[in-house]
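Working notes, structure below.
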Amino acid sequence: MTDLALQPEAAPPSLTARVARGAAWIMGAGLIARTLGAVNTIVIARLLAPDDIGVVATAVIAMQLLQGISDIGVSQAVVRFRDADRDDLDTLFTLSLLRGLFIGALLLAAAPLAAQVYGDARVFWTFAGVAAFPVIAGLVNPRFYEFERELKFSREFVVVTVNRLAGVAASLTVAIIFRTYWAIVCGMLAGGAVQLFLSYLLRPHRPRLGLRSFSKVFGFSGWLAGVGFMAALNNKLDVPVLARAAGAGGAGVYFMGLHISEIAAGQVAGPVTRALYPGLSEMQGDAARMRAAFLRGVEALGAFAMPAAFGLAFVAQDFTSVVLGGKWGAAAPAIALLAPVIGLQSLFYATQAYAVALGLTRLVFFRELIFFAVRAPVFVWAAFRHGLDGAVLAAAAMGLVHVGLNLALFARAGGGAFWAPLWSARRPLAGVAAMALWFLMLRPHAEPIAALAPLFRLGADVVAGALIYAAALWALWAAEGFPDGVERRL
């Protein structure tokens, strides 16, 4: 009989394999969440008017803005502090809870003023409703993020799936029965409550109030809070500004166009970025290895996230007509312009994680500070001078500025060449160019496709775009001699 004790132990999976597996779990969870979210968005869009969406969006964006400007990076801190002890976790929990209570109280206090500013009593109630969400989020178990540090994202798959199921069920139930904007608020609160419950069920822990590790936590989270503050100003002010400049209807159209544009790229970019951060943190002390891993991540983002966003832009008109309905036709131009820029930005979704893993969070803060100084006055001027169209153009143009700032951040943080990320994504970029050539130059002359009903035309365009991109990517890979890259790892 073979002596099992003498048999060599199986080699542990490599970091690349664990990151890839983690990304797959997150992507699976994201696929379910975004599919459910898409169904929810479509049904809500058909049952509610753009004006209703705009009213809720104003309150939700205000809440997200306050969360962003006070973000202390609990999950990033748990991942970064690989030896986090009880005092560290208690300090993170206490700060998170205080932050949630403060944001909730601030939203309640701001509700009457918001209703007066926007001249709509419904705004008061949406502000009051969403005020409960940051309190729920502040109670989440910090130990749950240890799964992320260990690259065990299967638990997140469970949480995300059940969380989204609960949120969508609550939202659709209220929307179908009552046809009210409260459907969105109820769905958000239901999802938050389920996430809170599961965070303790899957990682039992009894947190205590305390600030014994305040100096250690704040040394890391202080810069992250600054990053969150600036990022929130950059990402969350658009809808409130536009609601004032173009009314709730214009804000609702902009919000929906931006939301749909981000879904296409985010389905892939989010999971890859989330899985990369703990992997990069594990490589602390090996800058060359971290840089190579980051560039492989850029290549993966370019191969999947970028073409999805560009493809959405090319079919925006039929997509809004078939999926969202005729009343959302004004969102099509917004999607057509914003989605390609978001596709380019998706290449750099992991840049912040790369800099944070290197311990250079301050560089991320200055990137966001510079971006805000450039973007804010341009967007405000465009929104008040040219309404919805001006806001969309400004957002797209400033997105390209953000791409340049991310390239600079990479070069400064990792010491690599400024253009290295673009070179890593050269084949996906060329594949997208081939797809663009079809849709912009050849597709207008394909009369058999143009004559189809919108639903079938949309299906034909999606299939044609995917085949052209895949063929171009494979041809370029073959032309380079089948080098090691994302195509081989598939």
Side-chain angles (χ1 to χ4, degrees), residues 20 23-24 27-28 30-31 34-35 38 260-273 295-320 322-323 332 335-350 396 399-400 403 421-446 448-450 452 454-490:
M27 195 174 298
L31 179 61
R34 291 182 183 277
T35 300
I260 295 295
S261 299
E262 289 175 339
I263 284 178
Q267 177 59 46
V268 176
V272 172
T273 301
L295 291 175
R296 286 196 297 271
V298 170
E299 183 185 12
L301 291 170
F304 299 104
M306 184 173 58
F310 272 84
L312 175 63
F314 294 137
V315 299
Q317 192 65 49
D318 283 337
F319 178 88
T320 53
V322 171
V323 178
I335 295 172
L337 197 57
L338 293 174
V341 176
I342 292 173
L344 287 175
Q345 288 179 298
S346 70
L347 292 173
F348 307 98
Y349 274 24
L400 296 177
V403 169
L422 293 176
W423 179 251
S424 293
R426 61 190 180 280
R427 292 192 298 275
L429 282 167
V432 166
M435 190 166 56
L437 177 65
W438 161 255
F439 279 106
L440 298 180
M441 302 296 294
L442 303 177
R443 166 65 177 77
H445 304 291
I449 296 179
L452 294 173
L455 174 61
F456 297 106
R457 185 167 61 236
L458 176 63
D461 281 338
V462 169
V463 171
L467 290 176
I468 290 170
Y469 173 77
L473 192 66
W474 186 90
L476 292 165
W477 184 45
E480 292 187 15
F482 303 105
D484 184 31
V486 67
E487 299 90 348
R488 177 169 295 179
R489 293 188 186 94
L490 281 174

Donor-acceptor contacts under 3.5 Å from residues 466-476 side chains, at least two apart:
unit_1 : atom_1 : unit_2 : atom_2 : d
Tyr469 : OH     : Ala303 : O      : 2.8

| request: Quick one: closest heavy-atom pair of Leu452 and Ala460, and the distance? | output: CD1-CB, 4.2 Å
| task | For Phe482, look at atom CZ and say whether over 12 heavy atoms of other residues, nucleotides or ligands are found less than 6.0 Å away. | result | yes
| remark: Between the CG atom in Leu429 and the CH2 atom in Trp423, the distance rounded to the nearest 0.5 Å is 11.0 Å
| query | What pair of heavy atoms forms the shortest contact from Ala332 to Thr320, and how long is it? | reply | CB-OG1, 3.5 Å
| said: With heavy-atom distances below 4.5 Å as the criterion, would you say the side chains of Phe310 and Leu344 are in contact? | reply: yes
| Looking at Ala313 and Ala339, what are the two nearest heavy atoms and their distance? | CB-CB, 4.0 Å
| note | Taken in chain and number order and not counting sequence neighbours, the residues that satisfy side chain to side chain contact (heavy atoms under 4.5 Å, CB included) with Leu337 are Val392, Leu393, Ala396
| note | Residues passing the ring-ring contact (aromatic ring centres under 6.0 Å, His included) test with Phe304, sequence neighbours excluded, are none
| said: How long is the straight-line distance from CD1 of Ile342 back to CG of Leu347, given to the nearest 0.5 Å? | reply: 13.0 Å
| Where is the tightest heavy-atom contact between Pro428 and Gly302, given as atom of each residue plus distance? | CB-O, 3.1 Å
| With sequence neighbours left out, what residues match Ala464 under side chain to side chain contact (heavy atoms under 4.5 Å, CB included)? | Trp438
| task | Measure the CD1-CD distance between Ile335 and Glu262 for me, rounded to the nearest 0.5 Å. | result | 11.5 Å
| query | Residues in side chain to side chain donor-acceptor pair (under 3.5 Å) with Gln345, at least two apart? | reply | none
| message | Could you check whether any side-chain heavy atom of Ile260 comes within less than 4.5 Å of a side-chain heavy atom of Leu338, counting everything from C-beta outward? | response | no
| Qualifying salt bridge (Lys or Arg N to Asp or Glu O under 4.0 Å) pairs, either residue in residues 425-438, two or more places apart | Glu299-Arg427, Arg426-Glu480, Arg427-Glu480, Arg427-Glu487
| remark: In short, salt bridge (Lys or Arg N to Asp or Glu O under 4.0 Å) pairs touching residues 304-319 with sequence neighbours left out are Asp318-Arg457
| message | Going by salt bridge (Lys or Arg N to Asp or Glu O under 4.0 Å), name the pairs with one or both residues in residues 305-315, residues two or more places apart or in two chains. | response | none
| request: With sequence neighbours excluded, tell me which residues meet side chain to side chain donor-acceptor pair (under 3.5 Å) with Gln317. | output: none
| task | Could you list the residues that satisfy side chain to side chain contact (heavy atoms under 4.5 Å, CB included) with Ala305, not counting sequence neighbours? | result | Ala265, Val268, Ala269, Ser346
| What are the two closest heavy atoms between Val432 and Pro307, and how far apart are they? | CG2-CA, 3.9 Å
| query | Is any side-chain heavy atom of Val462 closer than 4.5 Å to a side-chain heavy atom of Phe314? | reply | no
